Every structure is written in C-alpha cells, then in structure tokens.
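Predicted model, so just to flag it, every value in this text is computed and none were measured.
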Amino acid sequence: MEICQLSGHFFSGIPLQFNYRLRKSARTPRFLTYANGVSCYQTEKTGQDSQNRMFILGMGFVGQFFAEELRNEGWIVSGTCTSMKKRNELQERGLDVLLFDANQPEMGTMNTLKSYTHLLVSVPPIMGIGDPMLQHGELLRSTMIDGNLQWLCYLSSTSVYGDCGGACVDEDFLASPTNEMAKLRLVAEQGWLNLAHDVGIKAHVFRLGGIYGPGRSAVDTIIKQGPLSESQKRRVAKQFTSRVHVADICQALKACIRIELSRRIYNIVDDDPASRKEVFAYALDLVEKKWPSLVKEITSHERAEPFVQKTTLKGEKRVSNAHMKNELAVQLLYPSYKSGLQSIIDQIENPF
C-alpha cells in the first residue's frame, strides 16, 4: 500500500479547494525580477539547458550543498533565507539568495519562482502553524499554474514513522509520528503532494535520515568541543538512528529529476543505522588518531558527555533504503557513518 493516502486536506482538516487546470507551455522569461525590484538579464538557451533552473525554498545545509553542485553542472540556481546576515554570507560564496519570510511571502519572490522549472522545498514546519508556505494555498496555486514548474521535491524526515519498536520500515509502512514536529511533517508531505498533483506537477517527498556532512558531523562536534543541545542528548537514547551524508542526498535528488518514477515517497538513508553513542565513539577515535594533542585537551567528563544517558535504550526503527537503490539507482558514496566520517576528517587540515 502507498504510505500516504492523500485525502485532499491541509491543516486542521480544511479541504483543498484546487481546481485542476492543464498547465500551459511557457517559455522561460529573459528577465528575472527579484524581490528587491532588480531585474537580471538571462541569456536565452535552447534544448535541455533551458530547463536547468532550480529554486530552493530554504537555503539550509542541504540546500547550499545542492545549489553548489547544480551550479557546477551549469544550472541556474536561486534560493531563499530569512536573515540578511546569512544572505550576505551565501552571496559571498557566489550563491544567488533572496530574503524571504514564508509566513508573509512577497509577490516579487513568488513571481521570480515562476521562471524556474524545478523547486526544492526545504522549509521546516513551525510549531502551532505547520508548513508556513502551505498557508498561502491560493498564491502557491497561481504561481505553479502560471509558471514553468515541472518538478517539486519536499524534504521531510524519517521521524514521521515514529517509534516502531526496532522494526525495519519502508515507505509502505504506516507512518505514526509520536511528536508534534513529526506530525506536522507528515501533514506537510500530504499538502505538497496534493498541491503538485492538482496543478499537474511531478512531485516527490524525500524522508531523510539524520543529515551530516562537512562542518556538521560528530567529528566537527568533538573538534569544537561544544556542548550538545537537549535534543541531541535525547537522541543518544536511540538504539537505531538512520543517517545520510549530504552528498548522497544530492545524488538522490539528481536521480529523481532525471528518472521518471511512479513512487512518490522515498527514504533517503544509508545502510548502517547505529546509536549516537557508537557514532561518537568512532568519531572520537578518528580525532584522537589524527590530533592526539587536541583530544588530550578534552577532560574525561567532556569526552564522556555525548554518550551519557540515564534512560534505558529503546528500540526505534531501522529504515529501509531499498526503493532508493532499486528505483533511483543510487549507489551510496557513504554507505556507513564510518566512511562518511573518515571522508570528513580527511578533508580537515587544521582543526583550530
């Protein structure tokens, strides 16, 4: 059975009042109007190049990594963030970023979106609200119908499965989220799939495991010697945590764009679900071997803190990636946290 039986509802059981319309074939405009009113001239392209325009709602860790990969492949890429400081930092790296508040979307940015053929949604739900973009159903409908969008992917989380008692779960397993954020994720999945289906856009949901990569890993946490957040400490209690390297997320996204797929939802995880304690122990060993003097500066208490948990370990879930491998034909660059962390530490020349 399909994991999400789309009921045509957004939040609070409000039915989607979408009127299906055939999409018009539209040529990408030569001018892109940005939220600040500045127009940027785009050279017209023909053939496949004319389709290579990606808009990323939420230029976070995955969005930045994906944007840089696509730019290197000749794509036109733009994205959004919520603070001027972050926008300036990303623009210094050569990324095209617009300031954008999903709670109050500006028409200039929405008009810009019409010029793009691909949309990656990486905006998390907000407690008490849900997905901030799906509040504006009419605006989204008109943007998608009147624009050039052909493909959409919403980045979700394997947390929507809830506590499955250590069982192995795939995309057909009934999702039963146990916390409010995961519940909002599941509703957002349904909302984006419903919206895309109604306006005739190819859409998929990626349920991501714990995301890590350069600058965001157990190795980086140990090097920085920063304290764990409360949510990180709680995750220590999990016996199984599915993870995925950001580079593998990106190759799965590119495969999803390239391949015609019948399935709408995919788990994007590696082959090796493991406890946080196990991962941190391995990362500490890597750091200790490469920089013995650095590890000596960490007190015994600090070294043990990431692994201490008073509660009893409980079985959660082991997430299957079989459909990702078989249908997206993804060959994981980092099938285990061990190869992923080794790659990360190999790229760090100076930890200070």
Side-chain angles (χ1 to χ4, degrees), residues 1-4 60-63 65-66 69 120-122 124 151-178 182 185-186 188-189 192-193 202-214 216-218 235 238-276 278-279 282-283 315-344:
M1 65 178 176
E2 185 63 27
I3 188 69
C4 284
F61 185 67
V62 174
F65 202 98
F66 191 45
E69 283 206 2
L120 179 65
V121 182
S122 185
W151 177 94
L152 179 155
C153 185
Y154 174 72
L155 298 185
S156 185
S157 167
T158 56
S159 64
V160 299
Y161 293 114
D163 184 354
C164 304
C168 184
V169 302
D170 65 7
E171 293 85 344
D172 297 325
F173 192 93
L174 180 63
S176 183
T178 54
R185 285 275 192 195
L186 186 60
E189 289 182 5
W192 282 105
L193 288 175
K202 175 184 175 182
H204 297 279
V205 167
F206 276 11
R207 290 175 174 167
L208 308 179
I211 305 165
Y212 76 101
R216 176 175 163 170
S217 71
R235 288 199 295 270
K238 293 186 178 181
Q239 186 174 2
F240 302 111
T241 297
S242 295
R243 296 171 181 80
V244 62
H245 193 286
V246 64
D248 284 319
I249 298 173
C250 291
Q251 69 157 325
L253 284 169
K254 287 187 280 189
C256 183
I257 293 171
R258 186 174 63 251
I259 302 172
E260 188 66 31
L261 303 164
S262 58
R263 180 176 294 276
R264 292 291 171 253
I265 298 174
Y266 288 93
N267 295 330
I268 309 298
V269 297
D270 66 20
D271 296 333
D272 191 10
S275 69
R276 189 174 181 84
E278 180 182 337
V279 172
Y282 184 79
E316 289 269 334
K317 56 186 172 289
R318 291 167 293 161
V319 181
S320 170
N321 60 15
H323 289 303
M324 176 193 75
K325 290 182 174 181
N326 296 333
E327 298 174 27
L328 291 174
V330 169
Q331 295 183 349
L332 290 167
L333 299 171
Y334 305 103
S336 166
Y337 70 87
K338 292 182 179 179
S339 56
L341 293 179
Q342 184 67 62
S343 172
I344 289 169

For the pair Thr158 and Val169, evaluate side-chain contact (heavy atoms from CB on, under 4.5 Å) and give the outcome as yes or no after the intermediate values.
CA-CA 10 Å; Thr158 56; Val169 302; over 6 Å; no
Nearest 0.5 Å, what's the [atom1]-[atom2] distance between [X] and [Y]?
X: Leu333; Y: Ile249; atom1: CG; atom2: CD1; answer: 11.5 Å
X: Gln342; Y: Tyr282; atom1: CD; atom2: OH; answer: 5.0 Å
X: Phe66; Y: Leu120; atom1: CZ; atom2: CG; answer: 6.5 Å
X: Ile268; Y: Ser156; atom1: CD1; atom2: OG; answer: 11.5 Å
X: Lys317; Y: Asp163; atom1: NZ; atom2: CG; answer: 7.0 Å
X: Tyr266; Y: Met324; atom1: OH; atom2: CE; answer: 11.0 Å

Just by distance, do the side chain of [X] and the backbone of [Y] share a donor-acceptor pair under 3.5 Å?
X: Glu189; Y: Ser157; answer: no
X: His204; Y: Arg263; answer: yes
X: Asp248; Y: Tyr334; answer: yes
X: Arg243; Y: Ala274; answer: yes
X: Asn321; Y: Asp270; answer: yes

Could you check whether Arg207 pairs with Glu171 (Lys NZ or Arg NE/NH1/NH2 to Asp/Glu carboxylate O, under 4.0 Å)?
no
Can you give me the closest heavy-atom contact between [X] and [Y], atom names plus distance?
X: Gly213; Y: His245; answer: CA-NE2, 4.0 Å
X: Leu186; Y: Pro177; answer: CD2-CD, 3.9 Å
X: Cys153; Y: Leu253; answer: SG-CD2, 3.7 Å
X: Asp271; Y: Lys325; answer: OD1-NZ, 2.8 Å
X: Phe65; Y: Pro214; answer: CE1-CD, 4.4 Å
X: Ala175; Y: Val160; answer: CB-O, 3.4 Å

Apply salt bridge (Lys or Arg N to Asp or Glu O under 4.0 Å) to Lys338 and list each qualifying residue two or more places apart in sequence or on a separate chain.
none
CA sep, side-chain torsions, deciding dist, call: Ser336, Asp272, side chain to side chain donor-acceptor pair (under 3.5 Å)
CA-CA 5 Å; Ser336 166; Asp272 191 10; 2.9 Å; yes
Between Ile344 and Tyr212, is any pair of side-chain heavy atoms under 4.5 Å apart?
yes
Tell me, do Pro273 and Val319 make a side-chain contact under 4.5 Å, heavy atoms counted?
no
Evaluation steps, side-chain contact (heavy atoms from CB on, under 4.5 Å), between Val244 and Phe206:
CA-CA 12 Å; Val244 62; Phe206 276 11; over 6 Å; no
Checking side-chain contact (heavy atoms from CB on, under 4.5 Å) for the pair Lys202/Glu260: CA distance, chi angles, key distance, verdict?
CA-CA 9 Å; Lys202 175 184 175 182; Glu260 188 66 31; 4.2 Å; yes
